[in-house]
Protein chains: 2
Amino acid sequence: MRKTGEQRREEIVQAVIHLAAENDGGQITAQAIAERVGIAQPTVFRHFKTRDRILQAVIEWIARHLLGVVGSVAAGSGPADERLRQLLEQQLRFISKHRGLPRLLFSERLHQENTQLKGAVSRIMDAYTNTVAGLLREGIDDGVFRADLDADDTARLILAMIQGLVMRWSIHEFHFELPNEAETMWRLLEPALLNR
Amino acid sequence: MRKTGEQRREEIVQAVIHLAAENDGGQITAQAIAERVGIAQPTVFRHFKTRDRILQAVIEWIARHLLGVVGSVAAGSGPADERLRQLLEQQLRFISKHRGLPRLLFSERLHQENTQLKGAVSRIMDAYTNTVAGLLREGIDDGVFRADLDADDTARLILAMIQGLVMRWSIHEFHFELPNEAETMWRLLEPALLNR
DNA sequence: ATAGTAAGCAAGTAGTTACTCACTTATGAC
DNA sequence: GTCATAAGTGAGTAACTACTTGCTTACTAT
């Protein structure tokens with residue numbers, strides 16, 4: 001009876017995220033989680049009834065933090081194009097500090113194992129898209145972005161680019177600096193988005 | 001002794017691709033493969049020594065066909081921008097006919113289980129990027145595409161966009177027409193790539 | 001002090017997995 | 001015809017999985 005349940009639950013969530021970041025083929029099993037947290041395997045199930053509940057808590061953690069970054073940058077001040085650029089960079093910077101995130105969010109394994117999680121991921125992606133689309137609409141109204149942009153389509157494509165980029169980073173075992181890619185992305189996006 | 005080994009191996013590869021396309025949570029196990037092919041489970045291992053060998057053969061099949069599409073369109077005639085547009089559409093059309101492909105190529109499950117496969121996926125992505133980059137360079141030389149484009153960076157981002165798009169399609173359980181998205185993509189890409 | 005509560009554990013269970021073994025049977029070459 | 005070869009099978013097995021059970025121990029409120 002060393003720590004409270006809440007502390008342990010947080011530790012377990014963090015353990016899963018760290019395990020996902022390790023590419024040594026280690027699976028995210030109750031045993032592996034327990035070893036990482038420093039408790040016995042059955043104790044894991046004292047804090048979460050089932051493995052699915054653990055993954056659910058992990059997705060919630062990711063959603064909270066990932067959308068937190070996006071939201072705070074998008075809601076900032078300054079011209080829309082500058083905020084979008086900041087959003088890209090801050091997002092990539094955050095992900096690069098939490099290597100487990102893409103492997104958890106985009107692993108089909110997880111989705112196959114738990115259909116509920118697929119819905120949760122969908123909802124995160126939708127919220128993300130909506131935030132970016134709102135930022136694009138602001139920019140269109142202000143005359144910064146091209147008037148003929150479809151805000152939703154464009155937001156979805158920007159998200160797709162980030163996803164694909166992060167996946168390449170993950171497949172290449174994090175061997176390049178993810179935040180640097182924000183500038184590369186912006187070089188492609190700028191002439192596509194900006195008015196004139 | 002109904003069929004030859006080669007026939008059975010091809011059937012097994014196809015079974016895996018079809019199993020991956022099913023979103024009912026079914027796993028790609030030797031048992032599931034055997035049932036689909038219509039043989040006993042141990043017979044699967046008569047044709048492939050291990051499960052990894054099966055997945056390797058599957059990745060090879062995917063590489064051959066996926067890169068076949070890209071290569072034939074890229075090597076065609078006509079202006080580079082038209083060929084790139086065609087490439088996007090044909091690529092998405094091909095993937096939409098083989099729903100299992102993204103779930104196999106991008107599933108972390110596969111990568112965690114077998115590091116060799118990760119390399120194979122990397123190689124497919126590199127070959128893909130090189131083909132697109134070549135097409136971009138042609139267009140730049142012909143004055144169709146902007147001269148200040150970095151062909152490699154741009155090719156990687158286009159691939160990333162396709163990957164992210166296909167992933168959204170997969171997460172949304174194939175509920176939208178993938179090939180239609182080629183036009184949406186092109187609307188964003190055109191002003192970013194074309195000269196003037 | 002003590003009683004209730006909640007965290008902890010050792011040992012076990014049932015299910016699933018990839019893979020093996022000993023054996024049978026179909027097919028094609030001669 | 002026969003015989004080597006290779007496809008096929010039923011019946012395992014060892015390893016791993018999520019999860020349970022019964023019991024112990026630490027902390028807290030009174």
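Reminder, nothing fancy here: chain letters follow the sequence lines and each chain counts from 1.
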(request) State, without any angle test, whether B:R103 and B:S170 hold a side-chain donor-acceptor pair at a distance under 3.5 Å. (result)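 Per modelled atom types, B:R103 and B:S170 side chains form a pair under 3.5 Å.
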(message) If only side-chain N and O atoms count, and only distance matters, is there a donor-acceptor pair under 3.5 Å linking A:E11 with A:Q7?
(response)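 The criterion, which ignores hydrogens and geometry beyond distance, is not satisfied for A:E11 and A:Q7.
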(message) Can you tell me how far apart CD (A:E35) and CG (A:L19) are? Round to the nearest 0.5 Å.
(response) 9.5 Å
(request) Would you kindly compare A:F45 and B:A40 by the position of their nearest DNA chain D nucleotide and give the one closer to the 5′ end? (result)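 Counting from the 5' end, the first nearest nucleotide belongs to B:A40.
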Rounded distance (Å) that lies between atom [atom2] of [N] and atom [atom1] of [X]:
X     : N      : atom1 : atom2 : value
B:E6  : D:dT5  : CD    : C1'   : 17 Å
A:I28 : D:dA18 : CD1   : P     : 10 Å
B:Q31 : C:dA18 : CD    : P     : 9 Å
A:I33 : D:dC16 : CD1   : C1'   : 15 Å
A:Q56 : D:dA18 : CD    : P     : 17 Å
A:Q27 : C:dA18 : CD    : P     : 11 Å
A:I39 : D:dA26 : CD1   : P     : 17 Å
B:I12 : C:dA18 : CD1   : P     : 13 Å

(message) Determine whether a donor-acceptor pair (N or O, by modelled atom type, separation under 3.5 Å) exists between the side chain of A:H175 and the backbone of A:E173.
(response)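 Yes; judged by distance alone, with no hydrogens or angles, the pair exists.
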So, OP1 or OP2 of [N]: does either fall under 4.0 Å of a side-chain N or O from [X]?
X     : N      : result
B:H47 : D:dG8  : yes
B:R8  : D:dA6  : no
A:R51 : D:dA18 : yes
B:T43 : D:dT9  : yes

(message) Using heavy-atom distances to pick each residue's nearest nucleotide on DNA chain C, tell me which of A:P42 and A:R46 is more 5'.
(response)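 Mapping each residue to its closest nucleotide by heavy atoms, the 5'-most match is A:R46.
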(request) May I ask you to say what A:T29 touches in the nucleic acid, namely base, sugar-phosphate or nothing, with a heavy-atom cut-off under 4.0 Å? (result) sugar-phosphate
(request) Using the six-membered ring wherever Trp is involved, compare the ring planes of B:W61 and B:H65 and label them parallel, tilted or perpendicular (cut-offs 30° and 60°). (result)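 The rings of B:W61 and B:H65 lie parallel, inter-plane angle below 30°.
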(request) Using only heavy-atom distances, decide whether a donor-acceptor pair under 3.5 angstrom links the side-chain of B:Q41 to the base of C:dC19. (result)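 Looking at the base of C:dC19, it does pair with a donor or acceptor on the side chain of B:Q41 (distance under 3.5 Å).
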